[in-house]
There are 2 protein chains.
Amino acid sequence: MGANPQAMVFEPIRTRRAFEEICDRIRGQLENGALKPGDKLPPERELARQLGVGRSALREALRSLEIAGIVRLQKGVKGGAFIREGDPSGMAQVVQDQLHLGSITVEELTEARVHLLDLVVRLACERATKSDLEALRKNIERTAEMTRANRYLERVECSREFYALLGAATHNQVLALLVEAVTEILMKFVRLRVAAGGKPQPRLVEKRTRIVELLKARDADRTAHAMRAHLQSVHGLLQEGLRLKQGSSQKA
Amino acid sequence: MGANPQAMVFEPIRTRRAFEEICDRIRGQLENGALKPGDKLPPERELARQLGVGRSALREALRSLEIAGIVRLQKGVKGGAFIREGDPSGMAQVVQDQLHLGSITVEELTEARVHLLDLVVRLACERATKSDLEALRKNIERTAEMTRANRYLERVECSREFYALLGAATHNQVLALLVEAVTEILMKFVRLRVAAGGKPQPRLVEKRTRIVELLKARDADRTAHAMRAHLQSVHGLLQEGLRLKQGSSQKA
DNA sequence: CCACTATAATTGGTCTGACCATTAATTGCA
DNA sequence: TGCAATTAATGGTCAGACCAATTATAGTGG
């Protein structure tokens, strides 16, 4: 065999499963515009009949699309499968899963975050609008309130939002998305630390205030420098906590 | 209302669905190390019995985990649900879905790619090993062969691999992953262009060769500059093609 | 003894039909 | 009118059956 000089790649023919075919059709209708965010798919029983498949196959397809962030399933009359607006938050789960599969490490994650945010603040220096800066200012204000009230878990939420706002200030939703994904995972570690009674990071509000001021002054180099210093101190705090946990279950 | 000063956030209690509970349990076993890549879950019927749920609920859970890239399902005796090694390629699908949902645009994607690769090549300049550079050299060699043989689809595959190798040369799997995700989507557009008979990009091999040479010389600034110029010319070619397609279905 | 083929056993994939749970509209009663 | 009970629509789950793919095993012929 193999006499044919053509590219005999022969993809392993994974027998096409029904739910995959269904997913592809719905994705196709998204690509060609037949389906748009807000649209509602027919009820499961009806759609299954139209597609000539059983309800179980259709449900696995809908479940897949739900996990992928494409549809939102809602129960009750007037419920159904609705095409979602863009909500890229699902990516954080994907990255986080890979973290637990050992494919990536926390060190790689924090390093990627440092570099990403270096890039992001430089772009934000060029593009941040007044409303972007105002949102950041309000966020820091709320962070200060939470700090004074010792509401540390809510302060973590403020932190997550702070980085999301920075991402938004680049006016590039892809970069914003990437920043949110890596931030979300780090925040999970921070929450663990807070729940365990770890000391909150000192001078957080002051450091963020300075970063936003530099941002407002459009001073990219100094902003990036301040951000990098801040992230590395965060990294240091987390490393402390991680060393403790890893000591107990470390083996190979 | 709101008399309670406590944080009355009251998350909307989405009635916990069975498959979600199952997913969380399996994810939990991943986190605490009870499950590791390569492990096999019990057969569906058996696992459903153990968990006290029906087979359909369990299957929706397994389907979700499969879409998330956590397990791989295999038929036949000796088949089953296997915990996957880290395979972060699923992220590309997530990003691509968001693209079709209109959440992000091709412009944002290409811009993010330019900035990401700027960062990546600078890191790669510091960290690329001999074997990284050797892999890049071999990749370019193969790209040249495909170019001479007019095997353009395979040349696209070489391109995808080229950027994956660049990502790998950073020795940070998170950054590598992000690069692969955005690259994979752009490649889809390139493949469309190739299939439509678009002219292949000229001097591709020469440009990549120069980039790798600069990389080998550890000249971060020049490498980044060459990369940026290259990516922007790619962007220009794609923009041509996109303008044609958008003209036909543009409305609002 | 070896190589090939037919059979069986295991396991995921799908179908059918039923019932449960939630939601919103409708009806009925005060 | 206003509120409570009923009803209808729809996703969520269960149960059991059968289909399809894959591997092990037995059988068969050389």
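What you are looking at is a predicted structure, and each value in this text was computed from that prediction instead of being measured. Throughout, protein chains are lettered first and strands after them, A, B, ... in sequence-line order, and every chain is numbered starting at 1.
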Nucleotide nearest [X] (side chain, heavy atoms from C-beta), chosen from [options]:
X       : options                : value
A:Pro43 : D:dG12, C:dG13, D:dT10 : D:dT10
A:Lys75 : C:dA21, D:dC14, C:dG13 : C:dA21
B:Lys78 : C:dC15, D:dA21, D:dT23 : D:dT23
A:Leu73 : D:dG11, D:dT13, C:dT14 : D:dG11
B:Val77 : D:dA8, D:dT23, C:dT22  : D:dT23

Contacts of B:Gln173 that satisfy side chain to side chain contact (heavy atoms under 4.5 Å, CB included) - sequence neighbours left out:
A:Ser103, A:Ile104, A:Glu108
Taking only residues two or more places apart in sequence or in another chain, which ones pass side chain to side chain contact (heavy atoms under 4.5 Å, CB included) with A:Arg49?
A:Glu46
Donor on one side chain, acceptor on other, A:Arg155 and A:Thr143, under 3.5 Å
no
If we ignore hydrogens and angles and just use 3.5 Å, is the side chain of B:Lys40 paired with the main-chain N or O of B:Gly79 as donor and acceptor?
yes
Rounding to the nearest 10°, end axes of the helix from C:dC1-D:dG30 to C:dA30-D:dT1 built from five pairs each make an angle of 10°
Check salt bridge (Lys or Arg N to Asp or Glu O under 4.0 Å) between [X] and all other residues, then give those that pass, not counting sequence neighbours.
X        : value
B:Arg137 : B:Glu134, B:Glu141
B:Asp24  : B:Arg16
A:Arg142 : A:Glu161
A:Arg160 : A:Glu157

I need the [atom1]-[atom2] distance between [X] and [N], as an integer number of Å.
X       : N      : atom1 : atom2 : value
B:Glu44 : D:dA17 : CD    : P     : 17 Å
B:Arg45 : D:dC18 : CZ    : C1'   : 10 Å
A:Glu20 : C:dG12 : CD    : P     : 16 Å
B:Arg49 : D:dT13 : CZ    : P     : 20 Å
B:Arg17 : C:dT22 : CZ    : P     : 13 Å

Taking N and O atoms by type only, does the side chain of A:Arg16 place a donor or acceptor under 3.5 Å from a partner on the base of C:dG13?
no
Closest-nucleotide 5' rank along DNA chain D - winner of B:Gly79 and B:Val53:
B:Val53
When we call it a touch if two heavy atoms are under 4.0 Å apart, what does A:Gly54 touch: a base, just sugar-phosphate, or nothing?
sugar-phosphate
Qualifying side-chain hydrogen bond (donor to acceptor under 3.5 Å, both in side chains) pairs with a residue from residues 76-86 of chain A, counting only residues at least two apart or across chains
A:Arg84-A:Asp87
Ordered by number, residues from residues 55-72 of chain B within less than 4.0 Å of DNA chain C (heavy atoms) are B:Arg55, B:Arg59, B:Arg63
